[in-house]
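Working notes, beginning with the structure itself.
The first residue of the sequence shown is numbered 1, and numbering continues consecutively from there. When reading the values below, keep in mind they use all heavy atoms of this one structure, side chains included, and skip hydrogens, waters and symmetry mates. Source: prediction; values computed, not measured.
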Amino acid sequence: MADGKEQTIKGEDQGPLDEETLFVVSQTFKALADPTRIRILHLLCEKEMSVNEIADHLNLRQSTVSHQLRFLKNLRLVKYRRAGTTIFYSNDDDHVIDLLQQTINHARHN
């Protein structure tokens, strides 16, 4: 802000934002700025899925899905579990999923 004070959100005063927090917030919004990643996260709200299931459901190449899941996993927005030779992915951050769902609801509100 122009006067040098940090703006608080809904009265939550946790002090100024440090560089690490700023970076994580910007990367999270970057993740949510990509239509493919939004589609993947939205799909994973329903149930955990393998890369091939996601690719089939969204009509994407497996390599595209794997690349996007790696980005989301690095941000800890998705997690995975191995069952034999198959890896299943699911959402890993309810805060971000809530933000995504609120944004979807906002976009659908006319």
Side-chain angles (χ1 to χ4, degrees):
M1 297 183 75
D3 62 4
K5 294 182 181 177
E6 296 287 336
Q7 184 176 7
T8 59
I9 299 173
K10 293 194 178 193
E12 294 180 13
D13 185 9
Q14 298 176 1
L17 294 172
D18 59 72
E19 290 301 315
E20 181 180 349
T21 301
L22 285 171
F23 178 75
V24 172
V25 169
S26 69
Q27 291 300 295
T28 301
F29 278 108
K30 178 180 178 181
L32 295 176
D34 181 88
T36 300
R37 289 191 287 263
I38 291 170
R39 293 174 68 207
I40 291 170
L41 287 170
H42 187 255
L43 185 60
L44 293 176
C45 287
E46 297 175 18
K47 66 177 185 171
E48 70 175 9
M49 301 179 109
S50 70
V51 172
N52 289 333
E53 289 173 321
I54 296 167
D56 289 345
H57 200 286
L58 298 179
N59 197 27
L60 296 169
R61 293 189 339 236
Q62 183 268 342
S63 60
T64 300
V65 172
S66 293
H67 174 76
Q68 298 301 340
L69 286 168
R70 186 169 33 260
F71 183 89
L72 295 168
K73 186 172 61 94
N74 287 340
L75 288 172
R76 295 186 329 227
L77 300 180
V78 298
K79 60 185 174 186
Y80 68 93
R81 71 171 180 88
R82 183 179 297 275
T85 59
T86 305
I87 297 175
F88 291 93
Y89 289 86
S90 60
N91 291 315
D92 193 26
D93 190 325
D94 290 338
H95 296 102
V96 173
I97 297 308
D98 290 344
L99 177 61
L100 175 61
Q101 193 59 54
Q102 287 180 15
T103 306
I104 291 168
N105 291 341
H106 170 74
R108 289 179 172 167
H109 185 277
N110 290 323

Shortest non-hydrogen separation from [X] to [Y] and the atoms involved:
X	Y	result
V78	L69	CG2-O, 3.9 Å
K30	R37	O-NH2, 3.3 Å
K79	D92	CD-OD1, 3.4 Å
V51	Y89	CG2-CE1, 3.6 Å
T36	D34	N-OD2, 3.0 Å

Would you give the length of the straight line joining atom [atom1] of [X] to atom [atom2] of [Y], rounded to the nearest 0.5 angstrom?
X	Y	atom1	atom2	result
L41	Q68	CG	CD	10.0 Å
H57	L44	NE2	CG	10.5 Å
H106	L99	NE2	CG	11.5 Å
T103	H42	OG1	NE2	11.5 Å
I54	T64	CD1	OG1	12.0 Å
L75	Q27	CG	CD	6.0 Å

Can you find a pair of side-chain heavy atoms, one from [X] and one from [Y], that are under 4.5 Å apart?
X	Y	result
I38	L100	yes
L58	V65	no
L60	R39	yes
N91	V96	no

Legend entry - Atom CG of D18: over 12 foreign heavy atoms under 6.0 Å: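 Enclosed.
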Legend entry - Same apolar cluster: F71 and F29, side chain cutoff 4.5 Å: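 Hydrophobic grouping puts F71 with F29.
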Legend entry - Exam field: side chain D93 to backbone L77, donor-acceptor pair closer than 3.5 Å: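 The answer is no, because no donor-acceptor pair under 3.5 Å joins these two groups.
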Inset, instruction - Please answer whether the main-chain N or O of S90 pairs with a side-chain N or O of R81 as donor and acceptor at a distance below 3.5 Å. - result: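 No.
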With [X], which residues qualify under side chain to side chain contact (heavy atoms under 4.5 Å, CB included), at least two apart?
X	value
N59	none
S50	N52, E53, T86, F88
H67	R70

